[in-house]
Amino acid sequence: MLSTKAAVNRAETVAARFREKFASEPELWARAPGRVDLMGSHTDYNLGFVLTLPIDRDTWIAARRTDDGIVRVHSMNLDASDEFRLDRIASIAESRWCNYVRGVAAILQSEGFALTGCDAIVHSTVPMESGLSSSAALECALTTVFAGLGGWSLTPERKALLCQKAENEFVGVKCGILDQYSSCLGRRGCALLLDCRDLSTHAVRIADGIRVVVCNTMSPRRLSGGEYAQRRAECEQGAAALGVSALRDVTPEMLAARRPELPERTARRCAFIVAESARAESLAGALRAGDRPAVARLCAESFAGARDLYEICSPAMEAMMEAMLTAPGVIGARQAGAGFGGCMVALVDAASAHAFRAAVGDAYRGATQVRAEIYPVEAASGAELFNVEEITK
Ligand code: GLA
């Protein structure tokens with residue numbers, strides 16, 4: 001990890017909070033990144049393709065083993081703490097954050113991993129509730145901590161699947177594999193083309209001169225819980241009507257021929273997923289080759305489909321899209337995450353990234369009176385332990 005001034009400050013702040021809360025020094029540090037999807041909205045639970053970028057906004061956990069079988073965790077971002085016994089893990093109705101922590105511990109134990117009690121401080125630079133997978137970053141960093149303290153290891157693939165299981169079964173969010181896979185399998189400098197059926201990944205190096213810029217609408221993802229489950233159910237209905245186990249098995253030709261058999265809304269949902277999954281593969285090729293016209297076209301098609309076919313856009317997203325598309329240096333722009341607000345993503349000419357940022361901020365504020373957060377991101381490595389002394393020395 002790079003020893004920048006920001007990283008040194010962050011490490012010192014987290015260590016100071018650890019001392020204040022637990023009157024001791026942390027013995028182990030872990031980190032796991034958030035992600036931004038470059039193409040492939042909602043394709044993961046349809047077993048299609050996603051092009052994802054694990055980003056240099058991440059969650060850090062500083063921890064120390066205890067021998068009383070109790071997990072004590074404090075989140076600096078929320079200024080909230082949780083404490084539970086490993087032999088009695090129950091979910092908490094009023095706190096989703098606590099349930100991510102408890103869910104990871106419960107699932108790891110149910111899979112036979114030996115956990116030790118611990119004191120831990122969590123600090124994240126992944127914005128919450130904004131579509132950049134802050135929850136997956138927490139789950140994956142925490143699993144890394146438990147493995148490090150317990151003296152066992154597991155592959156990044158297994159780690160991702162267990163974290164997804166914690167979210168599906170303990171937290172009760174039926175997410176796909178995208179977020180946890182991105183957070184565990186990241187590689188510095190590369191986007192990943194993820195095949196959600198066989199869970200293989202291919203590293204994609206984005207051509208020089210193209211930067212990824214995240215543009216946060218700052219509008220919370222309202223309704224996304226219910227709407228997400230509804231989209232998922234509609235896709236399952238479409239797959240069942242077409243006689244396949246997942247929309248991954250539907251080709252554009254097959255959909256065109258059988259579309260009249262489907263209810264109109266189901267047909268639109270299916271049309272989006274089938275095209276979006278194909279676009280993820282196409283965008284991987286276009287970004288590798290630096291084919292800017294193809295990047296522009298694929299992103300525009302994705303946003304139009306998200307708006308008209310999958311209906312996951314909001315007025316704030318439309319305003320941000322307008323701001324991104326009229327800013328200097330833009331190559332392509334689209335939604336990110338589940339939609340319904342949150343962050344969007346632009347591919348921008350590297351030399352214009354500064355001007356892009358300023359222009360998007362001004363235009364979005366002019367249209368909505370809201371100050372957006374806009375930041376270029378870099379591809380980061382996946383969940384891992386790290387040596388804090390390499391940062392602070
Ligand atoms: C959320 C889910 C993911 C994925 C995206 C949409 O981030 O957690 O599994 O479905 O939405 O692509």
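Along the sequence shown, residues are numbered consecutively beginning with 1. As the structure is a prediction and not an experimental result, all values here were calculated from the model. Remember, it's 1-based here, ligands and their atoms both numbered in the order they're listed.
- Side chain of Trp60 to main chain of Ala11: no donor-acceptor pair is present (N/O by atom type, distance under 3.5 Å, no hydrogens or angles).
- Residue-ligand proximity: Asp37 is placed with every non-hydrogen atom at 4.0 Å or more from ligand 1.
- An N or O contact shorter than 3.5 Å links Gly176 to ligand 1 by distance.
- More than 12 heavy atoms of other residues, nucleotides or ligands shown are found within 6.0 angstrom of CG on Asp198.
- Taking only non-hydrogen atoms, the option from Thr43, Leu178, Asp44 nearest to atom 9 (O) of ligand 1 is Asp44.
- Any N or O atom pair closer than 3.5 Å counts here, and Tyr228 shares at least one such pair with ligand 1.
- A salt bridge does not link Arg96 to Glu129: none of the charged nitrogens lies less than 4.0 Å from a carboxylate oxygen.
- Checking Arg231, Glu276, Glu167, His42 against atom 12 (O) of ligand 1, the nearest heavy atom belongs to His42.
- Those atoms of ligand 1 that come under 4.0 Å of a heavy atom in Ser41, given as number and element, are 12 (O).
- Using a distance-only test at 3.5 Å, with no hydrogens or angles considered, no donor-acceptor pair links the side chain of Ser277 to the main chain of Ile273.
- Within 6.0 Å of CD on Glu389 lie no more than 12 heavy atoms contributed by other residues, nucleotides or ligands.
- Atoms of ligand 1 lying under 4.0 Å from at least one heavy atom of Tyr45, given by number and element, are 10 (O).
- Residue contacts with ligand 1 for Ala338 involve both N, CA, C or O and side-chain atoms from C-beta outward (heavy atoms, distance under 4.0 Å).
- Considering each of Val50, Asn46, Asp179, Asn168, the one bringing a non-hydrogen atom nearest atom 8 (O) of ligand 1 is Asp179.
- The closest approach between any non-hydrogen atom of Arg35 and ligand 1 is below 4.0 Å.
- Counting only distance, with no hydrogens or angles, the side chain of Thr59 and the backbone of Ser124 share no donor-acceptor pair below 3.5 Å.
- Pairs engaging residues 10-24 under the side-chain hydrogen bond (donor to acceptor under 3.5 Å, both in side chains) rule: Arg10-Asp58, Arg10-His123, Arg17-His74, Arg19-Glu25 [sequence neighbours left out].
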